[in-house]
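I have placed the structure first, in the form of structure tokens, so that the comments after it can refer back to it.
Order of appearance sets the numbers: ligands from 1, and atoms from 1 within every ligand. As a basis for the values below, the full set of heavy atoms in this structure was taken, side chains included, without hydrogen atoms, waters or symmetry mates.
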Amino acid sequence: MDDCIFCKIVSGEIPGTIIYEDEYCLAFEDANPQMPVHTLIVPKEHYASLADDVPADLLGHLFSVVPKVAQIKGVADSGYRTIVNTGDDAAQTVKHLHIHVCGGEPMKEGMF
Ligand code: 5GP
Ligand code: ZN
């Protein structure tokens, strides 16, 4: 996807603060963090969202990376929230599948 910002981070065309990489995915710091820890995990291959016929094994792999990222970011024991926004009502702004991993301070009980 030529105009996809996360594809450009995957290809190295634009910079990202990468904290983890393997054959299938990349994890990098969110440019506008909402929490002390706010890291995004993206597949290297472009999928617009969870609704884009993402292979189950790729989804499984992406979620298996969540605890690794939590360990790297130092929130494995304190806890973290994992969010995947899909579509307009969820305010998905970047149309390349990504998992938010957020933590570093207590969150209030609320919607989730
Ligand atoms: P969404 O709302 O689509 O679930 O989340 C997109 C996230 O991507 C937002 O938290 C936003 O701050 C982040 N983001 C948008 N553009 C860039 C960018 O160019 N680089 C990085 N590292 N994060 C970005
Ligand atoms: Zn993309």
Closest protein heavy atom to atom 23 (N) of ligand 1, given as residue, atom name and distance to 0.1 Å: A31 N, 3.2 Å
Do me a favour and list the nearest non-hydrogen protein atom to atom 15 (C) of ligand 1 with residue, atom name and distance? V94 CG2, 3.9 Å
Find the distance between CD1 (I5) and CD (E13) and round it off to the nearest 0.5 Å. 9.5 Å
Considering both backbone and side-chain atoms of Q92, is one of its nitrogen or oxygen atoms within less than 3.5 Å of a nitrogen or oxygen in ligand 1? no
Hits for side-chain hydrogen bond (donor to acceptor under 3.5 Å, both in side chains) against D22, two or more places apart or cross-chain, chain-then-number order -> Y20, H61
Atom 19 (O) of ligand 1 sits nearest the protein heavy atom I5 CG1, 3.4 Å
Proximity to ligand 1 by part of T17, non-hydrogen separation under 4.0 Å: neither
Starting from atom 10 (O) of ligand 1, what is the nearest protein heavy atom, named by residue and atom, and what distance separates them? D30 OD2, 2.5 Å
Does any N or O of ligand 1 fall below 3.5 Å from an N or O anywhere on F28, backbone included? no
At what distance is the nearest protein heavy atom to atom 3 (O) of ligand 1, and which residue and atom is it? T93 N, 2.7 Å
Sum up the protein N, O or S atoms located under 2.8 Å from the Zn ion (ligand 2). 4
The protein heavy atom nearest to atom 8 (O) of ligand 1 is F6 CZ, 3.4 Å
For atom 1 (P) of ligand 1, the closest protein heavy atom turns out to be H98 NE2, 3.1 Å
Closest protein heavy atom (residue, atom, distance) for atom 22 (N) of ligand 1: E29 O, 2.9 Å
